[in-house]
Number of protein chains: 2
Amino acid sequence: MINIIVDAMGGDNAPDAIIDGCIEAINMKEGFNITLVGKSEIIDNNLSKKEFNRDRISIVNTTEVITGEDTPTKAIRSKKDSSMVVGMKLLKENKGDAFISAGNTGAIMTGALLIVGRIKGIDRPSLPALVPSKKDMVLIIDAGMNTVCRPINYLQFGIMGSIYMKLIYKKENPKVGLLNVGSEDAKGNDTIKQAFSILSSSKVNFVGNTEGNNIPGGDVDVAVCDGYVGNVALKLYEGAGSLFLGELKKIFTSNFFTKLCYLTLKPFFKNFKSKFDPDELAGAPVLGVNGLVIKSHGSSKAKTIRYAILNRAIPLIENGVVNEIKEQFKNMEVNSSDDKID
Amino acid sequence: MINIIVDAMGGDNAPDAIIDGCIEAINMKEGFNITLVGKSEIIDNNLSKKEFNRDRISIVNTTEVITGEDTPTKAIRSKKDSSMVVGMKLLKENKGDAFISAGNTGAIMTGALLIVGRIKGIDRPSLPALVPSKKDMVLIIDAGMNTVCRPINYLQFGIMGSIYMKLIYKKENPKVGLLNVGSEDAKGNDTIKQAFSILSSSKVNFVGNTEGNNIPGGDVDVAVCDGYVGNVALKLYEGAGSLFLGELKKIFTSNFFTKLCYLTLKPFFKNFKSKFDPDELAGAPVLGVNGLVIKSHGSSKAKTIRYAILNRAIPLIENGVVNEIKEQFKNMEVNSSDDKID
């Protein structure tokens with residue numbers, strides 16, 4: 001039976017929203033259990049008020065909490081009895097198939113590296129982000145974990161991103177583009193140019209440089225970049241979505257007739273809103289570590305956690321994404337001589 | 001009298017769309033003249049079919065054209081009788097107050113540097129981009145001219161961006177943010193951290209790090225970044241706009257009732273569409289050179305050129321943006337010891 005370990009104490013709305021999200025997920029789908037890690041008294045108190053199959057949620061008590069103010073490395077090293085550290089150790093010991101947290105992002109990344117550990121052959125694990133496009137979903141990788149990258153990292157991101165899009169979105173041969181300032185070959189700084197050359201001679205389906213507009217345009221399945229560019233791109237996209245929806249709302253609430261229009265159009269907007277719903281898009285796996293660690297938005301609500309469990313964790317587990325990454329890197333010769341910088 | 005020099009031969013739709021845009025601008029507003037630079041036979045032939053005040057457009061004949069396929073530096077050095085090189089020389093010789101081209105972007109940048117020349121004290125001129133936000137316009141600087149920047153460049157971008165927003169958008173004390181992966185102080189790579197420190201101790205109204213979503217959010221007036229990040233951000237924003245408008249169009253054309261709704265809502269959408277109209281936003285000045293060089297989209301239509309003249313060139317001339325930049329940098333001590341990276 002699939003078991004998902006959830007950090008009950010991480011995030012702005014923890015623990016209530018986290019626990020509620022777990023119950024919602026349990027009540028919507030069979031075939032998996034949840035281990036909630038955190039202060040058992042608080043968790044018990046919350047659970048006792050809810051209706052759900054009690055056999056499917058177990059609790060592991062912890063006494064400490066890593067907060068948003070904690071320094072990641074220090075927190076992971078010193079708060080040994082925090083919900084995050086204990087949860088990741090359970091994952092490492094195979095007591096669960098995934099670990100989800102909406103807590104301190106830096107601490108999740110650090111814990112994934114220090115506790116769960118890198119997959120052999122992978123230089124830098126990465127946090128990708130799924131975003132909507134005119135066509136299908138596009139994976140931006142890296143979306144913030146690595147602000148400085150070496151050329152070889154871009155190839156590793158491309159390989160991991162391809163596995164993700166192939167197994168989860170059933171893309172037979174995912175198109176990988178290098179996010180750049182122009183589509184011509186010789187664009188960008190030295191690192192980018194070297195990344196271009198490494199990607200060109202690799203086995204990924206590299207389609208060359210790709211520009212910012214090609215992400216919403218859906219011209220690639222995987223956009224590789226460093227975490228600085230990727231993070232700015234991701235957040236700008238989210239901000240643009242929020243701006244557009246806000247402007248639409250203003251228009252629809254202008255007067256009686258526009259409100260009437262909204263009622264007529266509402267069913268058509270369902271798809272549109274769902275496509276750009278940050279809650280539905282939330283929940284990104286740290287790819288390249290020896291287990292499935294999923295980071296959810298710090299501002300996660302119950303609904304966000306439910307999506308992170310049902311739409312992210314379970315498909316990633318069922319499709320064996322972590323194992324496939326291990327498999328591919330086991331057979332690859334990634335050595336530092338491929339890498340002309342550093 | 002203001003005189004605007006226009007490259008009649010540059011851009012995908014040149015020369016007809018360029019010439020038409022000039023005539024539209026002339027017919028809409030008094031108080032300025034235009035010098036069209038290009039093959040005079042073609043220009044004359046086009047002009048002879050149109051109605052406008054013939055005294056307001058003069059022609060300078062050139063025999064060569066710099067195309068999109070030309071290598072920028074080589075083209076600027078070898079095509080001495082191209083519309084772009086001759087137009088920029090006219091600007092340099094004070095035969096006009098601005099030069100507008102929709103031609104080869106790299107050649108415009110190179111020509112601006114080599115022919116028009118840098119303002120003293122400015123290390124790297126920059127191409128900014130104006131984008132819409134929830135509140136007012138936001139200036140992304142740099143938006144693609146400099147893919148690699150030194151820390152001091154970010155300060156210079158911040159100063160030039162502040163002058164722009166103050167003189168053109170009447171912001172008394174423009175808020176300058178450093179585009180970064182998080183809002184906390186110690187974020188980003190080494191260059192970014194040094195830029196943060198330089199900006200912090202400068203006279204610009206530096207509000208600290210700003211994230212991608214703060215651009216559509218309108219939380220800053222000026223977002224400084226290198227041209228790689230800025231270009232990806234700008235194009236992603238444009239692509240997101242096009243995606244949203246496309247999805248809306250699909251919804252509105254679904255059936256008879258949705259079309260009826262569109263007719264009701266149309267007047268309310270006018271503002272919305274204008275806010276995100278790439279033609280209205282087109283026309284970016286190269287800031288930091290000794291004259292007003294304005295780059296318009298390669299795909300400029302007549303309307304785009306009209307906006308570049310009326311909404312961009314004329315306000316920039318009337319508000320003396322280039323002179324103000326010269327003035328500010330004359331009094332500044334920008335020396336290389338401020339700069340720890342090279």
Side-chain angles (χ1 to χ4, degrees), chain A residues 105-106 131-134 144 147-148 179-182 187-190 192 211-218 223 225-248 250-252 254-255 257-258 260-262 264-265 267-269 271-272 275-276, chain B residues 105-106 131-134 144 147-148 179-182 187-190 192 211-218 223 225-248 250-252 254-255 257-258 260-262 264-265 267-269 271-272 275-276:
Chain A
T105 304
V131 297
S133 87
K134 250 173 215 169
T147 52
V148 184
L179 201 53
N180 210 332
V181 295
K187 286 277 178 179
N189 60 38
D190 288 345
I192 296 290
E211 298 182 82
N213 52 310
N214 298 131
I215 292 177
C225 55
D226 69 50
Y228 175 33
V229 177
N231 190 270
V232 168
L234 169 67
K235 287 181 181 158
L236 192 133
Y237 204 176
E238 288 174 348
S242 141
L243 169 60
F244 282 103
L245 292 175
E247 296 279 330
L248 271 183
K250 267 195 258 169
I251 290 174
F252 282 128
S254 300
N255 63 34
F257 296 103
T258 61
L260 213 61
C261 283
Y262 178 63
T264 310
L265 295 166
F268 296 95
F269 270 105
N271 223 334
F272 181 84
K275 204 168 177 176
F276 294 97
Chain B
T105 303
V131 295
S133 86
K134 250 174 217 173
T147 52
V148 183
L179 200 53
N180 210 332
V181 295
K187 285 279 179 179
N189 60 37
D190 288 345
I192 296 289
E211 299 181 81
N213 52 309
N214 298 132
I215 292 177
C225 54
D226 68 50
Y228 175 33
V229 177
N231 189 271
V232 168
L234 169 67
K235 287 181 181 158
L236 193 134
Y237 204 175
E238 287 175 349
S242 141
L243 169 60
F244 282 104
L245 292 174
E247 296 278 330
L248 271 182
K250 266 194 257 170
I251 291 174
F252 282 128
S254 300
N255 62 35
F257 296 103
T258 60
L260 213 62
C261 283
Y262 178 64
T264 309
L265 294 167
F268 296 95
F269 270 105
N271 223 333
F272 180 85
K275 204 168 178 176
F276 294 97

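Convention: sequence-line order gives letters A, B, ...; per-chain numbering from 1.
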Quick one: which of [options] has the most heavy-atom pairs under 4.5 Å with chain B, could you say?
| options | result |
| --- | --- |
| A:D226, A:L265, A:N180 | A:L265 |
| A:I192, A:L234, A:L260, A:N271 | A:I192 |
| A:L236, A:V229, A:V131 | A:L236 |
| A:I251, A:N214, A:N189 | A:I251 |

message: For the residue pair B:K187 / A:T147, report whether a side-chain donor-acceptor contact shorter than 3.5 Å exists.
response: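 Not at all, the side chains of A:T147 and B:K187 share no donor-acceptor pair under 3.5 Å.
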
Any chance CG of B:N255 has more than 12 other-residue heavy atoms, nucleotides or ligands included, within less than 6.0 Å?
yes

B:E247 with A:K275: basic N within carboxylate O range, under 4.0 Å
yes

I'd like to know which of B:Y237, B:Y228, B:F269 tops the heavy-atom pair count under 4.5 Å against chain A.
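Most pairs with chain A among the choices: B:Y228.
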
Of B:G144, B:G227, B:G217, B:G241, the largest count of non-hydrogen pairs under 4.5 angstrom with chain A goes to B:G241

Contacting region of [X] [heavy-atom separation from chain A under 4.5 Å]:
| X | result |
| --- | --- |
| B:L245 | neither |
| B:Y262 | neither |
| B:T105 | neither |

| said: If I take atom CG from residue A:L243 and atom CD1 from residue B:I215, how far apart are they, to the nearest 0.5 angstrom? | reply: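 Atom-to-atom, A:L243:CG and B:I215:CD1 are 12.0 Å apart.
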
The residue among B:L179, B:N213, B:V232 that forms side chain to side chain contact (heavy atoms under 4.5 Å, CB included) with A:V232 is B:L179

For the side chain of A:K235 and the backbone of B:V181, is there at least one donor-acceptor N/O pair under 3.5 Å apart?
yes

Correct closest heavy-atom pair for A:G239 and B:P216 would be C-CG, 3.4 Å

Fill in: pair A:V148-B:D190: side-chain heavy atoms closer than 4.5 Å
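No - every pair of side-chain heavy atoms lies 4.5 Å or more apart.
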
message = Over 60° means perpendicular and under 30° means parallel, so tell me whether B:F244 and A:F272 are parallel, tilted or perpendicular.
response =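 Rings of B:F244 and A:F272: perpendicular, over 60°.
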
Problem - Ring centroid separation A:F252 to B:F268 under 6.0 Å - result: no

